[in-house]
Amino acid sequence: MKKCVLLAATLTALSAVAEPVTHDDVALKQAQKLKDLKWGMFICWSFSTFSGKEWTPGIGDISFFRATGVDTDQWAQTAKEAGMGYILFLAKHHDGFCLWDTATTDRKVTNAPLGKDVLALLRASCEKHGIKLALYFSEGDWTWPGAKDGAGGGSGKDADKERAQLTELLTNYGPIEYMWVDHALGPGGLSHQEVLALGRKLQPSCFIGFNHGDQENTYIRIGELGNPGALDDKAAAGPYAQGGGKHYLVAEFTYPILPPHDGGAMWFYSLPKHDNLCSPPELLYEDYKGAVKFGNIFSIDVGPGYDGKLRDIEL
């Protein structure tokens, strides 16, 4: 009897041990490529730029995005001069407004007064200045069927639309180094495993990560409001990380260049009264050194203003 108990306990212990994780050459090479990029510029530009609020639900008329211009060359040149390796661009926030010429919805920048495919312009500017391109994408938004204005994600009925948007982004705009997928409103119809499968089919070398939610099979750890740290340092992943992934190869962390302030947004251009607010360069440099030390990639968030340009203090 004792031998049977011992055998059962041994088998239970063995079954609890995770299977060894193996990665193909494409994943290993991409992980090293991302580490070599070291740091980059995260650009957030959408309805929230003009509302002075972090989240901007309830916008029906897309002329609310009243940008008077856009200067993607300035963005890319600034990144290059700062020694950055990439730009992480917000393609769509929770408001469902697409900053590319999508065929999936009329809520897009080419129908707004600006009338330009900003992502296409940025792709060209990145190539001109030797900067890699990564994308932010909110998987759920307030335009999904069943979503409540200002709270909650989609009902899961719009998987086709999410699939079509991701397909456009990973097909029409050249190599994408990684995608920062925001799970704040929940899924837009596809599970994280379905998103990963689609991404690897379309661009095998593009890492897709989620700021929280299911992390299984994800190669990149997304660290919203995180800090430098090893892959097994859960605290470095920031306050929104839930659990962890077993397949991580590289860790990203990001936070806004705007320090804590009263009123306005944090991730987007805030308000004119905050034009002279900026985190000290000493802080950015220390986190850059930390990123290099741990093999992380550090994305510092900035927000173009109404004219589509970075603030003077950010240059």
Side-chain angles (χ1 to χ4, degrees), residues 42-49 55-57 59-60 62 64-65 70 72 87-112 114-123 126 133-149 152-214 218 220 222 267-268:
F42 185 11
I43 293 178
C44 291
W45 203 41
S46 193
F47 288 164
S48 290
T49 303
W55 285 11
T56 308
I59 304 300
I62 62 171
F64 186 85
F65 185 78
V70 60
T72 56
I87 285 178
L88 170 62
F89 179 67
L90 181 146
K92 186 196 75 170
H93 199 230
H94 313 325
D95 48 43
F97 181 65
C98 296
L99 274 294
W100 77 97
D101 190 22
T102 180
T104 66
T105 178
D106 290 334
R107 290 174 68 85
K108 57 183 179 179
V109 67
T110 47
N111 286 345
L114 185 63
K116 298 179 180 180
D117 186 332
V118 178
L119 180 53
L121 294 175
L122 180 57
R123 170 83 269 173
C126 284
L133 181 62
L135 296 177
Y136 164 105
F137 179 81
S138 177
E139 58 182 322
D141 69 54
W142 297 307
T143 69
W144 297 135
K148 294 182 179 179
D149 190 27
S155 64
K157 297 178 180 178
D158 224 7
D160 290 342
K161 189 172 184 180
E162 183 184 4
R163 184 180 292 107
Q165 290 185 347
L166 289 169
T167 298
E168 289 177 343
L169 293 172
L170 291 173
T171 302
N172 299 338
Y173 295 92
I176 305 300
E177 301 305 318
Y178 73 95
M179 289 195 74
W180 201 109
V181 178
D182 195 337
H183 188 66
L185 295 184
L190 299 177
S191 70
H192 286 185
Q193 298 310 308
E194 289 172 316
V195 170
L196 289 171
L198 177 64
R200 288 171 186 164
K201 176 183 177 182
L202 297 172
Q203 281 203 40
S205 63
C206 176
F207 282 5
I208 297 178
F210 308 90
N211 59 339
H212 56 86
D214 178 19
T218 304
I220 183 169
I222 300 297
W267 292 94
F268 295 83

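Below, all heavy atoms of this structure are taken into account, side chains as well, without hydrogens, waters or symmetry copies.
- Distance NZ/K92 to CG/D141: 4.0 Å, rounded to 0.5 Å.
- Ring geometry for W100 against F137 counts as tilted: the plane angle lies between 30° and 60°, on a 0 to 90° scale.
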Exercise. Checking side chain to side chain contact (heavy atoms under 4.5 Å, CB included) for the pair T56/H93: CA distance, chi angles, key distance, verdict?
Worked result: CA-CA 9 Å; T56 308; H93 199 230; over 6 Å; no
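- L90 and S46 make their closest contact through CD2-CB, 4.2 Å (heavy atoms, listed as atom of the first residue, atom of the second, distance).
- When every heavy atom of S138 is checked against every heavy atom of G140, the shortest pair comes out as OG-O, 2.6 Å.
- What you find for H94 and L185 is that their closest heavy atoms are CB-CD1, 3.4 Å.
- A distance of 5.5 Å separates CG of L133 from CG of L122, quoted to the nearest 0.5 Å.
- Rounding to the nearest 0.5 angstrom, the gap separating the CD atom in E177 from the CD1 atom in I220 is 10.5 Å.
- Once rounded to the nearest 0.5 Å, the distance linking CG of L190 with CG of D160 reads 8.5 Å.
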Please set out all donor-acceptor pairs under 3.5 angstrom arising from side-chain atoms of residues 201-210, sequence neighbours excluded.
residue : atom : partner : partner atom : Å
Q203    : OE1  : I176    : N            : 3.0
Q203    : NE2  : L170    : O            : 3.0
Q203    : NE2  : G174    : O            : 3.0

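- Side chain of T171 to main chain of E168: no donor-acceptor pair is present (N/O by atom type, distance under 3.5 Å, no hydrogens or angles).
- Taking the six-membered ring for Trp and the full ring otherwise, the centers of F65 and W45 sit less than 6.0 Å from each other.
- Two residues are said to be in side-chain contact when any heavy atoms from C-beta on lie closer than 4.5 Å; F89 and Y173 fail this criterion.
- Across every non-hydrogen atom of V195 and E162, the tightest pair is CG2-OE2, 3.8 Å.
- Between E139 and S191, every side-chain heavy-atom pair lies at or beyond the 4.5 Å cut-off.
- When side chains are defined from C-beta on, F97 does not count as touching I59, because their heavy atoms never get closer than 4.5 Å.
- Here the closest heavy-atom approach between residue K108 and residue T102 is recorded as NZ-O, 2.7 Å.
- Residues passing the side-chain contact (heavy atoms from CB on, under 4.5 Å) test with D214 are H192, Q193, E216, sequence neighbours excluded.
- One distance of note links OH of Y136 with SG of C44; it measures 7.0 Å at 0.5 Å rounding.
- Remark: side-chain polar atoms of R107 are paired, donor with acceptor, to backbone N or O of D95 under 3.5 angstrom.
- A donor-acceptor contact shorter than 3.5 Å links the side chain of N111 to the backbone of D106.
- Side-chain atoms of L135 and L119, non-hydrogen and from C-beta on, do get closer than 4.5 Å to each other.
- Separating the OG1 atom in T143 from the NZ atom in K161 is a distance of 4.5 Å, to the nearest 0.5 Å.
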